[in-house]
Amino acid sequence: MAKEDTNGGAGTSNGMVSDVPATVEEVNDKVDELTLADSSETGVQEAAKKKKKKNKSKRKKETKEQTDPPTIPVSELFSQGNFPEGEIQQYKDDNLWRSTSEEKRDLERLEKPMYDSVRQAAEVHRQVRKYIRSILKPGMLMVDLCETLENTVRKLISENGLQAGIAFPTGCSLNWVAAHWTPNSGDKTVLQYDDVMKLDFGTHINGHIVDCAFTVAFNPMFDPLLEASREATNTGIKEAGIDVRLCDIGAAIQEVMESYEVEINGKVFQVKSIRNLNGHSIGPYQIHAGKSVPIVKGGEQTKMEEGEFYAIETFGSTGKGYVREDLECSHYMKNFDVGHVPLRLPRAKQLLATIDKNFSTLAFCRRYLDRLDETKYLMALKNLCDAGVVQPYPPLCDTKGSYVSQFEHTILLRPTCKEVISRGSDY
């Protein structure tokens, strides 16, 4: 508050203005003083402008832009380690209080290093899929597509053993193949204009996995099929939350998915949720951490909990809505809880040592073993599978001639809110 001036102005009692010079000399001195002050102020302003310009130039120099094709590690693009946050969604009803709870905010501050790791992995995923979308076209050899994608991940994530890298093989399942297909070395499959391809790949930092997928179809005839699974996935994300029952999410997903129809070559199909495929919880170095998120009604009564990661994924099909194992196997993963298992074959022991060193409990494929210069390993790999040390994951297929679409995001149930870690401007 300003203090009121009780003298009625700035004058003295005799009416004279106190700081007006009395002589010519004093007037000249006053002019010099004011000129010097003005000059000094101008100099300070000019110096400030130059400093600001210099700082702006420095900031501009420090801010890198990604190349095309992308080659700069994401950690260099965000040198301060502040990677982009995912989409934030508030919890519903009884959990709204969490957004303003200081106790819950404190818990999140403690988890910041972990959040930074998974956000870095998510940013790599976004940049890689943006690039891959820009080069996808009919006529590409599937093995070339996968290796281009995976090599781009390796560059952008600064691959470093088990600390940073690819979380699982690139799934590029076509048409009625819903999941777990990637070409083995020598495969000559070519992407066609009328194919529906599910592109499912994962990234990780320190075992914190981002599992995210989308579907590509060049023929606009398939657009309603893609929209069905995309909207069903968004519904699953919206319904997910702390204390939410998994079965309730499944029922909501199915309702949205099966509200869609698609006309293919003059025949109309109702889109079906594939009832024996699910989303899943994710743990450190563990892509399937024990809880399943159904995409049809009637699932588990188990509830989601604070701090959990989930892959919310949905599969819409024009077939039976039920998958079975078929085709040549390419995906494998060491069982997470396996203890010591005695192995007789020396080659199996050697192969297991390679798996432990390079993948641990992350999924891998035969191309990855080829890349490590492993040869003549099929018998040893079969031995590890038969012994229960490694689990094979063959392709999962609906009725031949049908089409399946998939969309998937990784979400984190933070103490104060729900973060869709892998959300991007594309989906």
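Everything quoted here is computed from the prediction, not taken from an experiment. For the numbers below, each heavy atom of this structure counts, side chains included, while hydrogens, waters and symmetry mates do not. Heads up: numbering here begins at 1 and tracks the sequence.
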Give a yes-or-no answer on whether the side chains of R126 and S422 include a donor-acceptor pair shorter than 3.5 Å. no
Do any N or O atoms from the side chain of D195 and from the backbone of L174 form a donor-acceptor pair under 3.5 angstrom? no
To check you understand the geometry: which heavy-atom pair defines the closest contact between Y115 and L412, and what is its length? CE2-CD2, 3.5 Å
Atom pairs and distances, side-chain donor-acceptor, residues 203-211, under 3.5 Å, sequence neighbours left out:
residue : atom : partner : partner atom : Å
T203    : OG1  : A121    : O            : 2.8
H204    : ND1  : G207    : N            : 3.0
D211    : OD2  : H280    : NE2          : 3.3

Any side-chain heavy atom of I264 sitting closer than 4.5 Å to one from V262? yes
Just by distance, no angles: are the side chains of Q163 and N160 close enough, under 3.5 Å, to form a donor-acceptor pair? yes
For residues 236-250, please give each side-chain donor-acceptor pair under 3.5 Å, one per line with the distance, not counting sequence neighbours.
residue : atom : partner : partner atom : Å
E239    : OE1  : K92     : NZ           : 3.4
E239    : OE2  : K92     : NZ           : 3.2
R245    : NE   : D248    : OD2          : 3.1
R245    : NH1  : Q301    : OE1          : 2.6
R245    : NH2  : D248    : OD1          : 3.2
R245    : NH2  : D248    : OD2          : 3.4

Give the minimum heavy-atom separation between F407 and T215, together with the two atoms involved. CZ-N, 3.8 Å
Any ion pair linking K64 and E76 (charged N to carboxylate O, less than 4.0 Å)? yes
Are M221 and N265 close enough that some pair of their side-chain heavy atoms sits under 4.5 Å apart? yes
Verdict with supporting geometry, F364 and H331, ring-ring contact (aromatic ring centres under 6.0 Å, His included): CA-CA 6 Å; F364 60 94; H331 285 51; 9.6 Å; no
Tell me which one of Y332, Y393, F168 satisfies ring-ring contact (aromatic ring centres under 6.0 Å, His included) with H180. Y393
Residue Y322 excluded, over 12 heavy atoms near OH under 6.0 Å: no
Side-chain donor-acceptor pair under 3.5 Å between S405 and S229, yes or no? yes
Can you tell me if D106 has over 12 outside heavy atoms packed within less than 6.0 Å of its CG? yes
Does E328 reach the side chain of W181, with side-chain heavy atoms less than 4.5 Å apart? no
Any salt bridge (Lys or Arg N to Asp or Glu O under 4.0 Å) involving residues 404-427? Give me the pairs, sequence neighbours left out, ordered by first then second residue. E85-R414, E87-R423, E108-R414, R119-E419, R129-D426, R133-D426, R414-E419
Could you check whether any side-chain heavy atom of V390 comes within less than 4.5 Å of a side-chain heavy atom of V338, counting everything from C-beta outward? no
Any residue meeting side-chain hydrogen bond (donor to acceptor under 3.5 Å, both in side chains) with T189, in chain and number order, not counting sequence neighbours: D187
Going by the rule ring-ring contact (aromatic ring centres under 6.0 Å, His included), which residues pair with F83 if we only count those two or more places apart in sequence or in a different chain? F78
Ignoring hydrogens and geometry, is there a side-chain-to-backbone donor-acceptor pair from S292 to P294 under 3.5 Å? no
Are more than 12 heavy atoms from other residues, nucleotides or ligands located less than 6.0 Å from atom CZ of R109? yes
Side-chain touch I295/Q254, heavy atoms, less than 4.5 angstrom: no
Taking atom types as modelled, find out whether D398 and S317 have a side-chain donor-acceptor pair closer than 3.5 angstrom. yes
Residues E227, R230: salt bridge by 4.0 Å N-O rule: no
Got a sec, which pairs hit ring pair (Phe, Tyr, Trp, His ring centres under 6.0 Å) with one end in residues 119-150, sequence neighbours left out? H125-F201
For R371, side-chain hydrogen bond (donor to acceptor under 3.5 Å, both in side chains) partners two or more places apart: none
Quick test of your reading: applying salt bridge (Lys or Arg N to Asp or Glu O under 4.0 Å), list the pairs with at least one residue in residues 157-166, sequence neighbours left out, ordered by first then second residue. R154-E159
Can you find a heavy atom in the side chain of L225 that is under 4.5 Å from one in the side chain of F269? no
With a 3.5 Å cut-off and sequence neighbours excluded, list the donor-acceptor pairs that the side chains of residues 376-387 form with protein atoms.
residue : atom : partner : partner atom : Å
Y377    : OH   : R366    : O            : 3.2
Y377    : OH   : D370    : OD1          : 2.8
K382    : NZ   : D386    : OD2          : 2.8

N358: which residues meet the side-chain hydrogen bond (donor to acceptor under 3.5 Å, both in side chains) condition with it, sequence neighbours left out? none
How would you list, by chain and number, every residue that makes a side-chain hydrogen bond (donor to acceptor under 3.5 Å, both in side chains) with E147, sequence neighbours excluded? none
Taking atom types as modelled, is there a side-chain donor on E374 or T354 under 3.5 Å from an acceptor on the other? yes
Residue pair K198 / V177, side-chain heavy-atom distance below 4.5 Å: no
Do Y260 and Q270 pass the side chain to side chain contact (heavy atoms under 4.5 Å, CB included) test, and can you show the C-alpha distance, the side-chain angles, and the key distance before you say yes or no? CA-CA 6 Å; Y260 281 83; Q270 181 189 3; over 6 Å; no
Which residue pairs satisfy the salt bridge (Lys or Arg N to Asp or Glu O under 4.0 Å) criterion with at least one member in residues 287-301, sequence neighbours excluded? K291-E305, K291-E308
Measure the shortest side-chain to side-chain distance between T148 and I135 over non-hydrogen atoms and say whether it is less than 4.5 angstrom. yes
